Novice: 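Attaching a single structure in structure tokens format; questions to follow.
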Amino acid sequence: MRYLVTGGCGFIGSHLCTRLLDAGHEVVVIDDLSTGRFENIEAIHQHAGFRLIVGSVLEHDLMDGLVRDCEAVFHLASAVGVKLIMEQPVQTISTIFQGTDVVLKLAARYRKRVLLTSTSEVYGKSENVPFHEDGDRLEGPTSKHRWAYACAKALDEFLALAHWKQSRLPVIVVRLFNTVGPRQSAQYGMVIPNFVRRALANEPISVYGDGQQSRCFCHVADVVEALVALIECPAAHGKVVNVGSTEEITIRGLAERIRTLTKSESEIRTVPYASVFGEGFEDMQRRIPSLDRIGELIGWKPRKSLDDILADCIADVRASAT
Ligand code: UDP
């Protein structure tokens, strides 16, 4: 198969590309290297089955040929991370929606399968955990910019499902929960690479808010297995599917565990959200996926535990520091 992977130089995209090449597929990546990095695909860019096109999914004519010449599309290209969304709200909203619009229109023109990665952010601050794909979403007001990301991604989902409804375009929407693993940059605020980097440097670890908010972290290798299986699963067409772990930990608990595992002397500091993101920031307290649907579709559940994940991330940060 020849797959087009938009955003293939990103953290998840690059792991996906390696997995697809290992399975003998051809991979064409389009990435504008805005948040993606060439280093992420350095190990595979000479592979005979791999091609990188540096460009944007917003370039319609370029995308036309790429979608036409592939068999299926993984659409991962997107603004990423709460920090970026807070800092660049205009680009975030327009590129998320316009990029997906281009991909879906061309996929509809050439009748190509599309797997679109969405986010657990779309559940908003709903407290109805575990989150079921068809459950209600609860977003904050438009004056609080964090919710722009959830809203833009939800609109992408609506558009994808509309293509399925209107013309039976085979689309699969994946809601990714917190995903971590080697090569994840600390630059966009993600908590585990940040905490690990600070712990290894014996610098203070900043826990935002009271640290009682919790998350479930899934290893990128498990996430990629799910993506590859879902794009091959006809029963997933026209569906939204959660992908993530159900092993929950508070952010303060996470800081303590990382400090212990790294034998660090870092102080754990509590930092108000407002001093990081500005006034009026809202966080979600808990975020746990229901894995019922993905279990029924492809029998998937994560294999790696949080301790496996942390061991991998610590080794990765140590290796990149040498
Ligand atoms: N967080 C933190 N310190 C950091 C980075 C993040 O306390 O240096 C918190 C953040 O406020 C959130 C959780 O860790 O409650 C997960 O943050 P991340 O940005 O990794 O993902 P999110 O779940 O917010 O998408």
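Computed from a predicted structure; not experimentally measured. Numbering of ligands and ligand atoms starts at 1, following listing order. Here, residue 1 is the first one in the sequence, and each next residue gets the next number.
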Novice: Provide, to 0.1 Å, the distance between atom 23 (O) of ligand 1 and the closest protein heavy atom, together with that atom's residue and name.
Specialist: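 Among all protein heavy atoms, the one nearest atom 23 (O) of ligand 1 is Arg215 NE, 2.6 Å.
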Novice: With heavy-atom distances below 4.0 Å as the criterion, list the atoms of ligand 1 near Asn178.
Specialist: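 Numbered from 1, ligand 1 contributes 21 (O), 22 (P), 23 (O).
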Novice: What protein heavy atom is closest to atom 13 (C) of ligand 1, reported as residue, atom name and distance in Å?
Specialist: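 Of every protein heavy atom, Ile251 CD1, 3.6 Å lies nearest to atom 13 (C) of ligand 1.
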Novice: Can you tell me if Met284 contacts ligand 1 (heavy atom of the residue under 4.0 Å from the ligand)?
Specialist: no
Novice: Any idea which atoms of ligand 1 are less than 4.0 Å away from a heavy-atom of Arg287?
Specialist: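 Every atom of ligand 1 under 4.0 Å from some heavy atom of Arg287: 22 (P), 23 (O), 25 (O).
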Novice: Considering non-hydrogen atoms of the protein only, which is the closest contact for atom 19 (O) of ligand 1, and what is the distance?
Specialist: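 Answer, as residue, atom name and distance: Gly189 O, 3.7 Å.
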Novice: Provide the closest heavy-atom pair for Ile298 versus Ala226 in the form atom of the first, atom of the second, distance.
Specialist: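 What the structure gives for the nearest pair is CD1-O, 3.9 Å.
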Novice: Does the residue Glu121 have a heavy-atom contact with ligand 1, meaning some pair of atoms that are separated by less than 4.0 Å?
Specialist: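 A heavy atom of Glu121 does come that close to ligand 1.
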Novice: Assess, by modelled atom type and distance only, whether the side chains of Tyr208 and Asp283 contain a donor and an acceptor separated by less than 3.5 Å.
Specialist: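 The answer is no; no qualifying pair exists.
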Novice: Could you verify whether a donor N or O on one side chain and an acceptor N or O on the other, from Ser185 and Arg37, lie under 3.5 Å apart?
Specialist: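 No, no side-chain donor-acceptor pair sits under 3.5 Å.
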Novice: Hydrogens and angles aside, do His219 and Asp308 bring a side-chain donor and acceptor to less than 3.5 Å of each other?
Specialist: no
Novice: Could you work out, with salt bridge (Lys or Arg N to Asp or Glu O under 4.0 Å) as the rule, every residue matching Lys165, not counting sequence neighbours?
Specialist: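 Per chain and number, Lys165 pairs via salt bridge (Lys or Arg N to Asp or Glu O under 4.0 Å) with no residue.
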Novice: In the protein, what heavy atom is nearest to atom 15 (O) of ligand 1, and what distance, to one decimal place, separates them?
Specialist: Asp283 OD2, 2.6 Å
Novice: Less than 4.0 Å between a side-chain N and a carboxylate O, is that true for Asp64 and Arg109?
Specialist: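 Looking at Arg109 and Asp64, the cut-off is met.
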Novice: With a heavy-atom distance limit of 4.0 Å, tell me whether Ile192 approaches ligand 1 through its side chain, its backbone, both, or neither.
Specialist: neither
Novice: So between Leu176, Val191, Ile85, whose heavy atom ends up nearest atom 14 (O) of ligand 1?
Specialist: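 Going through Leu176, Val191, Ile85 one by one, Val191 has the nearest heavy atom to atom 14 (O) of ligand 1.
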Novice: In sequence, state the C-alpha distance, the side-chain angles, and the governing distance for Arg146 and Glu121, and then conclude on side-chain contact (heavy atoms from CB on, under 4.5 Å).
Specialist: CA-CA 9 Å; Arg146 179 198 185 119; Glu121 283 272 325; 2.4 Å; yes
Novice: If you count the atoms of ligand 1 from 1 in the order shown, which ones are under 4.0 Å from a heavy atom of Phe195?
Specialist: 2 (C), 3 (N), 4 (C), 7 (O), 8 (O)
Novice: Distance under 4.0 Å to a non-hydrogen atom of Val207: what atoms of ligand 1 satisfy this?
Specialist: 7 (O)
Novice: Among all protein non-hydrogen atoms, which one is nearest to atom 3 (N) of ligand 1, and what is the separation to 0.1 Å?
Specialist: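 Sorting protein heavy atoms by distance from atom 3 (N) of ligand 1 puts Ser206 O, 2.8 Å first.
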Novice: Decide whether Ser126 and Asn128 meet the rule of one side-chain donor and one side-chain acceptor closer than 3.5 Å.
Specialist: no
Novice: Need the ligand 1 atom indices (1-based, order shown) with element for anything under 4.0 Å from a heavy-atom of Arg146.
Specialist: 24 (O)
Novice: Enumerate the atoms of ligand 1 whose separation from the nearest heavy atom of Tyr273 is less than 4.0 angstrom.
Specialist: 11 (O)
Novice: State which residue, out of Glu39, Arg19, Glu42, Arg183, fulfils the side-chain hydrogen bond (donor to acceptor under 3.5 Å, both in side chains) condition with Ser14.
Specialist: Arg183
Novice: Could you check which of Tyr149, Tyr208, Phe217 puts a non-hydrogen atom nearest to atom 7 (O) of ligand 1?
Specialist: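 Checking each option, the heavy atom nearest atom 7 (O) of ligand 1 is found in Tyr208.
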Novice: Hey, could you give me each pair passing side chain to side chain donor-acceptor pair (under 3.5 Å) that has a residue in residues 67-76? Not counting sequence neighbours.
Specialist: Thr6-His75, His75-Thr100
